[in-house]
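Note sheet for the following structure.
Owing to the predicted nature of the structure, the values given are computational and were not obtained by experimental measurement.
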Amino acid sequence: MRLSRRHLLAASLAAACANTRRRPNVVLIVADDLGYHHLGCYGQTKIRTPNIDRIAASGLLFTDAYAGCTVCAPSRSALMTGQHTGHTPVRGNEGGLPLPAASVTMADVFREAGYATGIFGKWGLGEMGTEGIPTRHGFDEALGPLHQVHAQYYYPDFLWKNETVFPLAGNRGGAQREYAPDVMVDGALDFIRRHREKPFFLYHPSIIPHHEYQAPPDAMAEYAGKFAETPFVREDRGFAPQPQPVAAFAAMVTRLDTHVGRISAQLNELGLAQDTLLIFTSDNGAAGVFQPLVDAFDGSAPLRGFKTELYEGGIRVPMIAQWPGRIAPGRTAHPCAFWDFMPTFGDLAGAAPPSNIDGKSFAPLFDGRPVTPPDFLYWETERRGELVQAVRMGKWKAVRTAPGASLELYDLDADLGERNNVAASHAAVVVRIESYLATCRHDPPQLVEPGWKKPDLG
C-alpha cells in the first residue's frame, strides 16, 4: 500500500464529499530550461508568447516562484515528492537515477483521491527497467521520454507509452516528420477528452526549450533570418546541427506557447475551464552555456546567474496560475517552491500528502486570501563534486559556494541581482541561517543510474 491508512481515509472522505462541489482538475505544464525573462509577461520583447501572456493577464503571476533545484532531475524529484533537495531522493542530474519505490509522489496523492492521472512529456526520474518509471509512481498513463538524454532530441524515432515502445515512424532513418513535443501535447489533449467527466491531474513536462535547438519548419518561418547567428554544433551529443540557433530557440518558445494555447482552448471547448486549475512554470532557470542565446534574449534578467547555479537566475522561475471564476487577475510576491505543490494540490483534491514533506500549501492565494510565507526555502546541488547550498529566509538570500566557505548574504528587497554581499554587516542573520543549515538535510540514498540504452526497434 503506497499511502498510510490515514491518507487513504482522507481520500475516502474527500470522495464522499465530492458531490457537494466538484474537486478541480489540475493541469501542470512545466517547461525545460525556460528562464525568468523568456516570456512576454515577464518582460521579453523578442519572442512571441501570446497565449501564456493572455493566461497571465487573466490569472495570478508569481514574481517569487522557485524551481526545486537549478538542474532538471533534482528539481523534478522535489516537485514529485514535496521534499526540498536536502531530503528528496534524486539529487544527481545524471538523467536516469530512479525514484525509489517507497517514494510517494503527487500523482499517488491524486490517484488515491480518485483522480485520473497522466504524464505527457519528460519524466527524468527513472529509465525503463527501474522502479522509478511514472507508471510505478501514481500515473495511470504516460507518454514521453524517460531518460533525460532521450529527452534532448526533438525528432526521436520512439517515445515510451506506459511501459512499451511508442514508435515515431516518421522519424526513422533520420527523417524529421514527427516533432516530439507536438506528439506529446496531442496525447495530453486526448487525455483531457477521455477524462472530462471526472477529476483529472494532467502533468505536461515539455522538453522545450532545452537543447538540442530544433523547431518545425512552420515555427522557424516566423524567426528565420531575423537574428545575427552563430551555428550551434554539439557532435559529442549527436545533436542535429543548427545554423540558426537563436531563431530556433525563439521558434521553440513560441511553439511551447502554442501548446499552452491548445490545452487552454480544449479546456474551454469542453466546458472545463472553470473546473480547472492550470499552472505554467519551468524546471529551472535559463541555460547559460550558449552565449548567443544569452545575448539575444537575456533569459535571466534581472537576476544573477543561470542554470546549474543557486543564484536567483538558476532557481527563480516564471509561474502563472489560472482558474477562471476562482483566481482574480493579479500578481503575487509570495515565495513558493516546487515542494509546495504537493500540499497545495492535496488541499484542492481533498487528500492529505505524506507527513515527511517540506512543502506548505499556498492554495489560499487562489481565493485572494493571505498565506504566511515559509520560514526557509532550501536548495542544494553539486558543482565539481562539491556541495553548493542556498537558503531564502524572508528577504534574505544566502549562498554557500563550497563546503566550509563563508555564507554570502543578499538582501533581495534592495538587491534582486545579488551583487552586494552584506554578510559582514548582518551577523545575526547569518547565524540564524547557519543554525538552519545544520539540521536541514541528510545525505541522499545511493541510487544506481542504469544509463540510457536505445531499444532495438527492428
Side-chain angles (χ1 to χ4, degrees), residues 2-3 6-30 55 58-62 65 68 78-83 104-119 138-140 188 191-192 195-205 263-264 267 270-281 319-330 332 334 336-355 357-372 374:
R2 301 299 301 275
L3 300 182
R6 178 174 63 82
H7 300 133
L8 291 172
L9 177 60
S12 299
L13 291 172
C17 296
N19 59 357
T20 61
R21 179 176 181 178
R22 172 168 173 160
R23 291 166 296 156
N25 310 309
V26 175
V27 175
L28 176 60
I29 304 173
V30 179
I55 290 171
S58 64
L60 188 62
L61 185 146
F62 287 72
L79 175 67
M80 283 293 111
T81 64
Q83 298 171 318
V104 177
T105 70
M106 67 166 62
D108 286 314
V109 172
F110 272 116
R111 188 157 70 175
E112 293 291 347
Y115 278 61
T117 57
I119 171 175
F139 286 100
D140 301 321
F191 175 85
I192 292 172
H195 296 287
R196 61 185 180 271
E197 299 299 332
K198 64 178 290 188
F200 60 79
F201 168 52
L202 168 64
Y203 177 38
H204 177 51
I263 291 172
S264 177
L267 294 172
L270 296 176
L272 297 174
Q274 291 196 327
D275 294 321
T276 303
L277 169 65
L278 185 154
I279 292 182
F280 175 89
T281 188
M319 187 169 118
I320 301 152
Q322 182 192 53
W323 190 350
R326 181 78 174 265
I327 293 178
T332 178
H334 177 77
C336 61
F338 271 15
W339 47 88
D340 296 318
F341 281 39
M342 182 189 278
T344 300
F345 293 161
D347 277 357
L348 300 177
S355 60
I357 66 171
D358 296 300
K360 179 179 179 180
S361 173
F362 55 85
L365 291 175
F366 302 146
D367 293 318
R369 292 179 286 139
V371 179
T372 303

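Note that CG of Leu348 and CZ of Phe201 are 11.5 Å apart. Values are rounded to the nearest 0.5 Å. Note that the CE atom of Met80 and the CZ atom of Phe139 stand 4.5 Å from one another [nearest 0.5 Å].
Remark: the Thr105 side chain and the Asp108 side chain contain an N/O donor-acceptor pair separated by less than 3.5 Å.
Residues meeting the ring pair (Phe, Tyr, Trp, His ring centres under 6.0 Å) test with Phe280, sequence neighbours left out: none. In this structure, the ring pair (Phe, Tyr, Trp, His ring centres under 6.0 Å) partners of Phe362, at least two apart in sequence or on a different chain, are Phe62, Phe341, Phe366. Every residue two or more places apart in sequence or in another chain that forms a ring pair (Phe, Tyr, Trp, His ring centres under 6.0 Å) with His195 is listed here: Phe191.
Side-chain contact check for Val27 versus His204: every heavy-atom pair is 4.5 Å or farther apart. Residues Pro24 and Arg326 form no side-chain contact, since every pair of their non-hydrogen atoms from C-beta on lies 4.5 Å or further apart.
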Begin from the C-alpha positions of Tyr203 and Thr117 and carry the test side-chain contact (heavy atoms from CB on, under 4.5 Å) through to its verdict.
CA-CA 8 Å; Tyr203 177 38; Thr117 57; over 6 Å; no

Kindly indicate, with the supporting measurements, whether the criterion side-chain contact (heavy atoms from CB on, under 4.5 Å) is fulfilled by Gln322 and Ile327.
CA-CA 6 Å; Gln322 182 192 53; Ile327 293 178; 5.8 Å; no

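Contact detail for Val104 and Met342: the closest heavy-atom pair is O-CE, 3.6 Å. The minimum heavy-atom distance linking Pro364 with Pro370 is given by the pair CB-O, 4.2 Å. When every heavy atom of Ala78 is checked against every heavy atom of Gly68, the shortest pair comes out as CB-CA, 3.9 Å. Closest approach of Pro353 and Pro343 over heavy atoms only: CG-CA, 4.1 Å.
Distance alone, capped at 3.5 Å, is enough to place a donor-acceptor pair between the Asp340 side chain and the Lys360 backbone. A distance-only check finds a donor-acceptor pair linking the side chain of Arg23 to the backbone of Ala113 [under 3.5 Å]. Listed for the Trp323 side chain is a donor-acceptor partner under 3.5 Å among the backbone atoms of Gln274.
In summary, of the residues considered (Asn25, Leu270, Ile263, Ile192), a side chain to side chain contact (heavy atoms under 4.5 Å, CB included) with Thr276 occurs for Asn25 alone.
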